[in-house]
Asker: 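Please see the structure below; I have some questions.
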Amino acid sequence: MRRLLSLIAAAGFIAVSAGYVAAQPKTFTPREENIEELPAGPGREETFYTCTACHNFKLVAQQGMSRQRWNDTLTWMTERQGMPAIEGADRELILDYLSTHYPQTEPAARGWQNPFANQ
Ligand code: HEC
């Protein structure tokens, strides 16, 4: 009888804790990215929607690259990450947008550089 009671108690405990877990509100709600947060300019829509098909735009916006390196990045996205190839005027538009708004950061902005290091 004691055994039965403790079994019932255990079952009750499990049921209660399952309910507790289910009732927990989601504590982590990633904020939706909004295209309006990107700098306005030609190519904004094309760039935003092309890149956010796979990942946050934050991953793009945190970079600063020359046009050539953005171009290489697009090639990399296509060859290694499965992005549909972007060519011609569309590619130019996206490259213009990226290199205008996310340009290569000046070396000076990266802090002290060793003047003797091979650049
Ligand atoms: C088909 C999916 C896909 C599309 C579309 C896509 N990417 Fe990516 N991208 C990825 C994946 C996957 C990674 C992570 C690769 C890794 O870190 O190995 C990534 C990572 C990146 C990174 C981070 C590289 C780093 O050094 O951390 C940049 C920058 C980037 N993508 C730029 C772009 C840009 C710009 C576009 C839009 C023109 C774009 N991606 C569209 C799949 C995609």
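In listed order, ligands and their atoms are each counted from 1.
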Asker: Quick check: H55 and ligand 1, any N/O pair under 3.5 Å apart?
Answerer: yes

Asker: Locate the shortest heavy-atom distance separating R91 from I86; write the atom from each residue and the value.
Answerer: NH1-O, 2.9 Å

Asker: What protein heavy atom is closest to atom 23 (C) of ligand 1, reported as residue, atom name and distance in Å?
Answerer: L59 CG, 3.8 Å

Asker: Nearest to atom 17 (O) of ligand 1, what protein heavy atom do you find, and at what distance?
Answerer: W76 CH2, 4.4 Å

Asker: Below 2.8 Å, any N, O or S contact between M77 and atom 8 (Fe) of ligand 1?
Answerer: yes

Asker: Could you tell me if R67 and T100 have a donor-acceptor pair between their side chains, going purely by distance under 3.5 Å?
Answerer: no

Asker: So which of M83, M65, E46, Q81 gets nearest to atom 11 (C) of ligand 1, if we judge by its closest heavy atom?
Answerer: Q81

Asker: So, are R44 and E36 salt-bridged, with charged N and O less than 4.0 Å apart?
Answerer: yes

Asker: Taking all heavy atoms of G43 and all of T47, pick out the closest pair and write down the distance.
Answerer: O-OG1, 2.6 Å

Asker: Quick one: closest heavy-atom pair of L74 and M83, and the distance?
Answerer: O-CE, 3.7 Å

Asker: To check your reading of the model: name the closest protein heavy atom to atom 27 (O) of ligand 1, its residue, and the distance in Å.
Answerer: Q63 NE2, 4.0 Å

Asker: Cluster question for you: counting only ILVMFWY and a side-chain heavy-atom cut-off of under 4.5 Å, with indirect links fine, are V60 and W76 together?
Answerer: yes

Asker: For atom 32 (C) of ligand 1, which candidate among L98, T47, T73, L74 holds the nearest heavy atom?
Answerer: T73

Asker: Please list the nearest protein heavy atom to atom 37 (C) of ligand 1 with its residue and the distance rounded to 0.1 Å.
Answerer: C51 SG, 1.9 Å

Asker: Hey, which atoms in ligand 1 end up nearer than 4.0 Å to a heavy atom of G82?
Answerer: 1 (C)

Asker: Scan the protein's non-hydrogen atoms and note whether one is under 4.0 Å from atom 14 (C) of ligand 1.
Answerer: no

Asker: Is ligand 1 under 4.0 Å from a heavy atom in the side chain of Y102, in the backbone, in both, or in neither?
Answerer: neither

Asker: Out of all atoms in ligand 1, which are within 4.0 Å of some heavy atom of C54? Include the element for each.
Answerer: 1 (C), 2 (C), 3 (C), 4 (C), 5 (C), 42 (C), 43 (C)

Asker: Looking only at non-hydrogen atoms, find the nearest pair between H101 and P39 and report the distance.
Answerer: ND1-CB, 3.4 Å

Asker: Parallel under 30°, tilted from 30 to 60°, perpendicular over 60°: which one fits the rings of W70 and Y102?
Answerer: perpendicular

